Amino acid sequence: TVYYADGEVWHNIMSYPLYLTTNSYNVLGLSCSATLSEVRKRSQLLLQLAKIDEIEHFKTDIGDASQYRIVSKIRKAQERLSGIKERLYETFFWLEAHTTVNKKIIQLIVKGNCQEAITLLENSKNIKNDWLSQKNLALSFLFLAFSKSDISAFKKALELWKKIQDSQIFWSFYEKYYLLHDEIGTSSSLFKDFQKEICKFLTRTSGELYQLTKDPEIIGIYYNQFGY
């Protein structure tokens with residue numbers, strides 16, 4: 001059980017990907033729409049608590065985020081969300097809360113109901129035209145793959161990531177969307193480089209899932225999609 005400011009709330013700690021649960025937004029308990037000012041304010045709060053061995057919990061925590069709320073990791077999270085390339089990476093690989101449906105799927109994943117989150121997304125009206133929801137769907141399949149050692153979910157996740165990586169329509173949209181809220185002078189050229197680096201994250205995540213399941217099919221699924 002985890003205690004929040006407004007009372008006792010049951011919190012389900014699942015086996016989720018390390019490279020997602022250690023995302024800087026999750027460490028700080030913020031959404032990926034957080035401003036630099038909000039990042040600094042939250043970092044200062046958590047640092048003050050960490051120095052007296054206190055830990056704050058948030059209702060958007062995915063996995064056991066509280067274990068990463070120590071001084072060194074809080075500072076690292078703040079630094080990454082203040083860096084141009086690092087902030088893009090952290091934002092891209094985190095869940096967007098841009099619609100009511102997507103806010104609901106975050107809460108479902110927090111509680112470990114990944115399949116329910118996926119079903120909700122897949123049945124949403126605008127999923128085919130909503131690139132952010134499709135990115136959330138790819139992340140949701142990764143959460144399901146880890147929480148249930150579900151190889152089929154992992155395959156679906158990689159198929160979606162490959163679709164996103166190869167879609168110039170997605171990157172044209174995402175660049176405009178991201179720069180609309182940018183505060184730190186991100187260059188348009190960075191998106192082209194970042195597009196090629198998605199596989200680095202997926203390589204590490206594939207390795208992590210293989211260590212969890214010891215299933216060699218995971219490596220084959222990765223190579224079938226990305227070939228390297």
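Worth saying up front: this structure is predicted, and the values here are computed from it rather than measured. Counting begins at 1 with the first residue of the sequence.
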Check: With sequence neighbours left out, what residues match Ser24 under side-chain hydrogen bond (donor to acceptor under 3.5 Å, both in side chains)?
Finding: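 Result, side-chain hydrogen bond (donor to acceptor under 3.5 Å, both in side chains) vs Ser24: Glu90.
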Judged by modelled atom types alone, do [X] and [Y] share a side-chain donor-acceptor pair under 3.5 Å?
X      : Y      : value
Asp130 : His98  : yes
Thr91  : Tyr25  : yes
Thr35  : Glu183 : no

Item checked: salt bridge (charged side-chain N to carboxylate O under 4.0 Å, His left out) pairs, two or more places apart, involving residues 36-50 ->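 Those involving residues 36-50 do not exist here.
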In the structure I gave you, are the side-chain heavy atoms of [X] and [Y] within less than 4.5 Å of one another anywhere?
X      : Y      : answer
Glu86  : Leu81  : no
Glu96  : Asn102 : no
Ile62  : Leu20  : no
Lys135 : Ile164 : yes
Ser133 : Asn126 : no
Phe154 : Leu144 : no
Gln168 : Ser172 : no
Leu179 : Phe191 : yes

Same cluster or not: [X] versus [Y], using hydrophobic residues (I, L, V, M, F, W, Y) connected whenever any side-chain heavy atoms lie under 4.5 Å apart?
X      : Y      : result
Val27  : Ile70  : no
Leu132 : Leu180 : no
Leu158 : Phe194 : yes
Ile55  : Leu49  : no

For the aromatic rings, using the six-membered ring if either is Trp, is the centroid distance between [X] and [Y] under 6.0 Å?
X      : Y      : result
Phe92  : Trp171 : yes
Phe143 : Tyr16  : yes
Tyr19  : Phe93  : no

Verify, without hydrogens or angle tests, whether [X] (side chain) and [Y] (backbone) share a donor-acceptor contact under 3.5 angstrom.
X      : Y      : result
Asn26  : Thr21  : yes
Thr205 : Leu202 : no
Gln134 : Leu160 : no
Gln165 : Gln195 : yes
Tyr68  : Lys73  : no
Ser167 : Lys163 : no

Which heavy atom of [X] sits nearest a heavy atom of [Y], and at what distance?
X      : Y      : value
Pro17  : Phe146 : CG-CD1, 3.3 Å
Phe226 : Cys199 : CD2-CB, 4.2 Å
Cys114 : Ser140 : CB-O, 4.4 Å
Ala50  : Ile74  : CB-CD1, 4.0 Å
Asp64  : Ser66  : OD1-OG, 2.7 Å

Next item on the list: Report, as yes or no, whether the 6.0 Å neighbourhood of atom NZ on Lys155 holds more than 12 heavy atoms from other residues, nucleotides or ligands.
Entry: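 No, because the 6.0 Å sphere around NZ of Lys155 holds 12 heavy atoms or fewer from other groups.
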To the nearest 0.5 Å, what is the distance between [atom1] on [X] and [atom2] on [Y]?
X      : Y      : atom1 : atom2 : value
Tyr178 : Cys32  : OH    : SG    : 9.5 Å
Leu30  : Ser43  : CG    : OG    : 7.5 Å
Glu116 : Ile109 : CD    : CD1   : 11.0 Å
Ser149 : Lys214 : OG    : NZ    : 12.0 Å
Ile84  : Ile184 : CD1   : CD1   : 5.5 Å
Gln211 : Ser206 : CD    : OG    : 12.0 Å

Next item on the list: Show the numbers, then the answer: is there a salt bridge (Lys or Arg N to Asp or Glu O under 4.0 Å) between Arg69 and Asp61?
Entry: CA-CA 11 Å; Arg69 291 184 181 134; Asp61 288 350; 2.7 Å; yes
Margin query: For Lys192, is there an ion pair with Glu197 - N to carboxylate O distance below 4.0 angstrom?
Written below: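 Answer for the salt bridge query: no.
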Next item on the list: Specify whether Tyr177 and Tyr174 have parallel, tilted or perpendicular ring planes, treating 30° as the upper limit for parallel and 60° as the lower limit for perpendicular.
Entry: tilted
Check: Hey, mind stepping through Glu159 and Asn224 against side chain to side chain contact (heavy atoms under 4.5 Å, CB included) and telling me if it holds?
Finding: CA-CA 10 Å; Glu159 288 172 351; Asn224 284 338; over 6 Å; no
